[in-house]
Amino acid sequence: MPKKQSISSLVNSLKEKKISVHELFDQFHKVAKENANNSYNLVLDPDYQKSNLEISQERYSNGKNLPLDGIPLGIKDLFCTKCITTTASSKILSNFIPQYESFVTQQLLNDGAIFIGKNNCDEFAMGSSNETSHFGPVVNPWKNKNSPTEKLVPGGSSGGSAAAVAEGSCVASMGTDTGGSIRQPASLCGLVGLKPTFGSCSRWGIVAFASSLDQAGPITNSVEDAAYILNSISKHDFNDSTSSNHPRDDYLKEIDKKLDHKIKIGIPSDYLKNVTPEIIAQIENTKKSLAGYDIEFVDVTFETTDYALSTYYIIAPAEASSNLARYDGIRYGVREEGGNLDDIYLNSRTSGFGDEVTRRILIGTYVLSAGYYDAYYRQAQKVRRLIKDDFQRVFQEVDFILTPTTPNEAFKIGEKLDPIAMYMNDVFTVPTSLAGLPGISLPSGLSANGLPLGVQLIGNYFQEKKLLQLSHLIEKELSFNE
Amino acid sequence: MSNNWEMVIGLEVHAQLKTSSKLFSSSPNLFGSEPNENVNFIDAGMPGMLPVLNWTCIEKAIKTGFALNFTINKHSVFERKNYFYPDLPQGYQISQFEFPILSEGYLEIDQPDGNTKKIRIERAHLEQDAGKSIHDIDPKFSFIDLNRVGTPLLEIVSYPDLSSAEDVVNYMSSLRQTLMYIDVCDGNMQEGSLRADVNLSIRKPGGELGTRCEIKNLNSFKFIRQAIEFEFQRQIEVIESGGSVEQNTMLFDTSTGETRPMRSKEFSHDYRYFPDPDLLPVNLTDEQINQIKPSMEELPHQKIARYVSDYKIDKDISKIIIAEKENTILFEKMVNESDVNPKNIASWLVGDIFAFVKEKNLDVLNLLEYTKDITDLLKLISDDVISNKVGKEILPQVLEGKGKPNELVKKM
């Protein structure tokens with residue numbers, strides 16, 4: 001794996017003129033344009049970014065640099081970027097050029113970040129292996145040491161964003177997480193992936209998958225880098241009605257603060273029922289690494305974990321079936337002609353959407369249909385409430401919850417053909433999403449095959465600051481980054 | 001033969017709200033602009049765009065709630081009504097379904113015998129209007145105008161308490177008048193600001209309700225009357241010739257005056273309503289509801305009552321004045337500005353002044369700048385400085401701003 005460079009060290013090098021903004025961009029652009037792992041749907045070249053690079057360099061020269069000035073970032077191709085093709089990795093949007101910038105990417109631009117390109121992802125963020133992209137699968141830069149020629153998945157749906165950071169084509173990247181789409185690929189690529197509290201980062205300008213679950217967040221080399229990005233993107237936005245006006249913290253400040261009081265971390269036994277010893281070892285390693293601190297680990301049990309995945313696969317497709325209705329070939333995107341209006345719809349959508357997206361639209365349409373709504377959608381909403389309550393019950397006893405991020409290491413491209421087997425990948429991340437809680441995946445060790453594995457730390461609503469502080473500590477103690 | 005049958009009618013009225021911007025976007029809510037001029041990224045259903053509720057629409061709904069004796073629900077929910085059509089860019093209409101903002105209201109309408117009849121209203125809910133598809137410009141292409149997309153509508157659904165075309169017209173015009181008085185709707189039916197869907201069934205007096213048909217989208221009192229009469233006769237003929245009325249959605253053809261069923265494809269939707277996850281439920285506090293109260297305009301029937309009790313004006317004359325909100329503005333300004341007997345002002349207003357306005361095809365509000373002159377003239381008459389006859393001769397000149405009454409009298 002390429003040498004990891006932190007945002008703070010790069011900002012310092014730029015300040016101290018050890019490197020110029022242009023040189024830094026070129027260094028990452030060189031890797032990105034190779035696109036060896038198909039991490040990008042689009043790579044922006046230095047010419048396109050010329051004026052952004054110059055302005056950024058000027059700010060450094062004037063000593064007025066912004067928090068992310070000149071830092072090359074990858075952006076999941078689900079964020080609308082003004083005048084830059086935004087496809088959601090779908091054929092139906094393959095020609096779509098937004099005339100607006102998403103709220104989140106605008107914050108990054110406002111803080112001086114420079115975009116390297118648009119990261120490949122699962123089509124409309126629907127997938128857990130980045131194999132559903134219209135532009136082909138992304139390859140995990142990590143190799144199985146016992147079978148080094150095998151191409152492995154990077155996870156999904158933010159697979160391109162994770163692979164890009166791991167391959168060293170950007171310093172950090174933006175992903176979105178609906179049921180684990182940041183945390184799972186971060187885990188499979190040996191990175192830090194943060195899904196903030198629902199409502200922290202505006203959804204305005206992000207191609208919607210499931211509105212009540214979608215949340216933007218960073219995939220980074222380190223916890224500190226995640227704090228840098230979160231500081232930029234976590235803001236109230238009037239244009240997103242579900243954006244929270246809860247006060248935001250400075251997540252970077254005191255990130256290495258020493259624990260000043262005892263904390264309790266809950267480990268849900270029901271998450272560890274059917275997992276391999278290797279996965280259980282990740283939890284044990286994490287516990288061991290924190291042995292010298294005033295941290296108590298307690299067993300906790302959720303009553304709703306078994307229902308989370310089914311609940312998710314009703315609510316998310318239901319919302320998606322409606323959110324994706326606007327892709328009809330009429331106003332923008334790819335249109336297939338037809339003899340009448342219904343044929344235009346049918347042809348455009350049949351040809352424009354891949355199998356997984358079609359499957360989820362069909363499921364979503366079914367669960368909202370007359371006669372099935374009460375049995376499926378309404379019931380799922382009730383279970384979702386129970387899941388939220390379940391978390392709040394557990395959070396009365398503990399400050400954080402520690403779980404594995406995924407039930408397995410990165411698997412081979414093409415290996416999981418059964419959709420249900422694929423959905424099982426998100427079994428540990430989906431409950432957090434349904435509850436709207438913040439969750440972070442941290443690299444915790446390597447498997448016997450030499451592949452990265454991760455643990456997930458879950459905090460209560462808007463506890464990102466404390467979540468990042470504890471994550472920073474775990475990261476340091478596990479010393480995985482060295 | 002229609003003597004043996006009575007009609008049972010319920011009305012769904014769509015009132016466009018008088019707001020400066022749309023229900024969930026900041027584009028202007030304007031009629032008559034160039035096609036697709038008032039369309040932003042949200043209205044056009046672009047990827048990643050999100051709705052933000054225009055709070056003015058909630059305030060207008062609350063006002064309507066007070067005016068039509070509704071229960072104002074503290075909890076209401078916007079849901080998505082899903083269907084595909086090119087003038088519906090999101091692929092769904094945001095509407096209220098299970099939890100509307102207003103429930104159980106009523107409106108009293110006048111009956112020919114001088115009594116009033118209470119028409120119960122089941123609910124009223126907020127929703128987005130769709131755009132317009134234009135099929136008759138080109139033989140090969142259809143054109144889409146999205147200006148109307150997202151325009152706020154209040155859909156007001158009555159119980160089937162109406163039993164004649166006359167009832168319907170009375171209800172509709174009274175509703176229109178009320179909504180105009182409280183500044184909720186401009187009442188312009190020609191521009192589609194107020195449209196009605198008529199649900200009609202027939203039965204023998206006292207008998208069981210028949211199967212109803214819904215006639216969609218009627219936008220004038222004349223068409224409402226015609227459509228009801230035609231549909232009434234049609235249903236009678238179906239039943240009396242041994243058939244049965246099928247529940248159907250009908251279109252009214254304005255050129256023939258006939259109703260005909262829409263193709264079943266045009267309405268056989270499963271709308272798959274579900275709460276819009278992009279929007280929070282609307283939760284109102286008592287304070288939020290009650291703070292609208294002081295801004296409530298006086299309602300037509302309240303004005304009549306006040307004119308009768310405070311000014312001793314005949315009820316019939318009061319009704320003529322309140323027929324249009326503009327009249328009351330003119331009238332009340334004259335009453336407040338002068339010490340002329342309001343009864344005297346009222347009789348001049350509905351007499352010579354209205355005659356003049358009608359003859360010259362004027363906007364009543366144009367006379368606002370001459371109110372002082374008008375009441376000065378009336379004072380000259382009541383003080384016996386000039387005769388009634390002279391007053392009538394001078395009045396047109398006063399209304400045209402040709403001089404002050406004193407001077408005009410001197411010139412005579």
Side-chain angles (χ1 to χ4, degrees), chain A residues 78-80 86-88 90 93 96 98-100 102-103 124 199 202-208 210-214 237-243 315 318-319 321-333 341-342 344-346 349 364-373 377-378 381, chain B residues 23-26 36 39-55 77-94 97-98 131 133 135 140-144 146 149 263 265-266 268-282:
Chain A
L78 210 65
F79 292 85
C80 289
T86 299
T87 69
S90 180
L93 283 179
F96 176 64
Q99 295 307 304
Y100 47 89
S102 85
F103 179 88
F124 285 103
S202 168
R203 293 180 295 113
W204 194 90
I206 302 173
V207 175
S211 311
S212 73
L213 296 155
D214 294 345
D237 177 14
F238 179 80
N239 289 318
D240 174 358
S241 309
T242 61
S243 170
I315 290 171
E319 293 181 8
S321 72
S322 176
N323 280 337
L324 269 60
R326 63 187 59 196
Y327 309 114
D328 56 5
I330 301 294
R331 296 164 313 283
Y332 53 80
L341 180 62
D342 285 349
I344 293 175
Y345 285 147
L346 192 64
R349 289 170 65 84
T365 304
Y366 178 80
V367 300
L368 290 176
S369 295
Y372 299 99
Y373 182 91
Y377 185 78
R378 196 186 293 276
Q381 289 291 22
Chain B
L23 182 52
F24 296 112
S25 91
S26 58
N36 296 309
V39 182
N40 67 13
F41 296 134
I42 298 171
D43 307 323
M46 298 305 262
M49 291 298 99
L50 301 171
V52 176
L53 177 61
N54 175 355
W55 197 256
V77 176
F78 285 104
E79 306 206 23
R80 293 184 183 176
K81 178 181 179 180
N82 295 282
Y83 66 95
F84 286 94
Y85 207 67
D87 59 24
L88 189 74
Q90 297 171 131
Y92 53 83
Q93 176 193 28
I94 305 176
F97 185 59
E98 204 177 339
S133 298
H135 303 296
K140 278 177 75 181
F141 293 98
S142 290
F143 290 83
I144 309 290
L146 298 180
V149 163
R263 285 183 299 123
K265 244 182 135 177
E266 289 175 274
S268 66
H269 289 295
D270 175 357
Y271 290 119
R272 292 172 282 121
Y273 280 99
F274 76 108
D276 191 328
D278 286 333
L279 291 160
L280 303 175
V282 179

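Labels below follow one simple rule: chain letters A, B, ... track the order of the sequence lines, proteins then strands, and each chain is numbered from 1. Every value quoted in this text rests on a predicted model; they were computed, and no experiment measured them.
The aromatic ring centroids of A/Y373 and B/F274 lie 6.0 Å or more from each other.
The main-chain N or O of A/S369 is never found under 3.5 Å from a side-chain atom of B/D270 such that the two would form a donor-acceptor pair. B/R272 contributes no side-chain N or O that, together with a main-chain N or O of A/T365, makes up a donor-acceptor pair within less than 3.5 Å. No donor-acceptor pair closer than 3.5 Å links the side chain of A/S241 to the backbone N or O of B/L53. Although no hydrogens or angles enter the test, the distance criterion places a donor-acceptor pair under 3.5 Å between the side chain of A/R331 and the main chain of B/P89.
The most heavy-atom pairs under 4.5 Å with chain A, out of B/G91, B/P86, B/P275, come from B/P86. Counting heavy-atom pairs closer than 4.5 Å to chain B, the top-ranked of the candidates A/D214, A/D328, A/N239, A/V367 is A/N239. Considering only heavy-atom pairs separated by less than 4.5 Å from chain B, the leading option among A/L324, A/L93, A/D240 is A/D240. Among B/P51, B/P277, B/P47, the residue making the largest number of heavy-atom pairs under 4.5 Å with chain A is B/P47. Chain B forms more heavy-atom pairs under 4.5 Å with one residue of A/S322, A/S212, A/A318, A/P98 than with any other, namely A/S322.
The local environment of OH in B/Y273 is crowded, with over 12 non-hydrogen atoms from other residues, nucleotides or ligands closer than 6.0 Å.
Taken from CG in A/N323 to CG in B/D278, the straight-line distance is 6.0 Å, to the nearest 0.5 Å. Once rounded to the nearest 0.5 Å, the distance linking OH of B/Y85 with CG of A/L341 reads 6.5 Å. Summarising the geometry, atom CG belonging to A/L346 is positioned 10.5 Å from atom CZ belonging to B/F84; distances are rounded to the nearest 0.5 Å. Between the CD1 atom in B/I42 and the OH atom in A/Y100 there is a gap of 10.0 Å [rounded to 0.5 Å]. Between atom SG of residue A/C80 and atom CE of residue B/M46 there is a gap of 8.5 Å, rounded to the nearest 0.5 Å.
Interface remark: A/Q381 contributes no atoms to any contact with chain B (heavy atom separation under 4.5 Å). Interface residue A/Y327: only side-chain heavy atoms are found under 4.5 Å from chain B. B/I144 does not touch chain A: none of its heavy atoms, backbone or side chain, sits under 4.5 Å away. Of the two parts of A/F238, the backbone and the side chain both hold a non-hydrogen atom closer than 4.5 Å to a non-hydrogen atom of chain B. For A/A88, no part lies under 4.5 angstrom from a heavy atom of chain B. The part of A/I330 that comes within reach of chain B is its side chain, from C-beta onward, which places non-hydrogen atoms under 4.5 angstrom from that chain.
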**Q.** Step-by-step salt bridge (charged side-chain N to carboxylate O under 4.0 Å, His left out) determination, A/R378 to B/E98
**A.** CA-CA 13 Å; A/R378 196 186 293 276; B/E98 204 177 339; 3.5 Å; yes

